[in-house]
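First comes the structure, then the notes that go with it.
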Amino acid sequence: MTQPTRDAVSNWIKEAKFGQDDYLFPSRIHDSPHIGTRQYPGIVDSWVTEIGLDPSEYGTHSMRRTKASLIYRRTKNLRAVQLLLGHTKLESPVRYLGIEVDDALEMAEHTEI
């Protein structure tokens, strides 16, 4: 996380008076202690709209894939990306990120004949 994000999360925890066993994003539904996977996309949409962007261009999946792609491009560490995404097989992040095609194109661009 970036430092401003750490600061914001830290302030949120202090302001909400969360304990060690509390969830960072508690649910408003009494049967669940935390927000669900169906609530999260709506929250992201509202954040994107609030800052003046088009919510149809941003989603939870595209944000996850973008972060993984940026980490891979910067480090070329496929194993780290695999762990971050929670994939059990190394082939999964390869397919997920389309690495073989990107790497082949990059190698071709840097190879002179």
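Tyr58 is not connected to Leu70 by any chain of hydrophobic side-chain contacts under 4.5 Å among Ile, Leu, Val, Met, Phe, Trp and Tyr, and they are in different clusters. Criterion: ILVMFWY side-chain heavy atoms under 4.5 Å apart, direct or through other members. Under it, Trp47 and Ile35 are part of a common hydrophobic cluster. Cluster membership for Leu24 and Val44, using ILVMFWY side-chain heavy atoms within less than 4.5 angstrom, is shared. Each of Leu83 and Val81 belongs to its own hydrophobic cluster when Ile, Leu, Val, Met, Phe, Trp and Tyr are linked at side-chain heavy-atom distances under 4.5 angstrom.
In the displayed structure, Gln3 atom CD is contacted under 6.0 Å by more than 12 heavy atoms of other residues, nucleotides or ligands. Within a 6.0 Å sphere centred on NZ of Lys76, other residues, nucleotides and ligands contribute more than 12 heavy atoms.
With hydrogens and angles ignored, the 3.5 Å screen pairs a side-chain donor or acceptor of Ser69 with a backbone N or O of Arg65.
In this structure, the separation between CZ on Arg79 and CG on Leu84 is 10.5 Å, given to the nearest 0.5 Å. Between atom OG1 of residue Thr66 and atom CZ of residue Arg64 there is a gap of 11.5 Å, rounded to the nearest 0.5 Å. Here CG of Asp45 is found 9.5 Å from CG of Asp54. Values are rounded to the nearest 0.5 Å. To the nearest 0.5 angstrom, Gln82 atom CD is 8.5 Å from Glu91 atom CD.
Contact record, Ala80 with Asn77: N-OD1, 2.9 Å, taken as the closest heavy-atom pair. Counting all heavy atoms, side chain and backbone alike, Val94 lies closest to Leu90 at CG2-O, 3.4 Å. Summarising the geometry of Pro41 relative to Thr60, their closest heavy-atom pair is CA-CG2, 3.9 Å, with the distance given to 0.1 Å. Residue Tyr72 comes nearest to Leu97 through the heavy atom pair CB-CD1, 4.1 Å, listed as atom of the first residue, atom of the second, then distance. Contact between Ser32 and Ser27 at its shortest, heavy atoms only, is O-CB, 3.2 Å. Shortest non-hydrogen contact noted between Ala68 and Leu85 is CB-CD2, 3.9 Å.
Note on ring orientation: taking the six-membered ring where Trp is involved, the planes of His34 and Tyr23 are tilted (angle from 30° to 60°).
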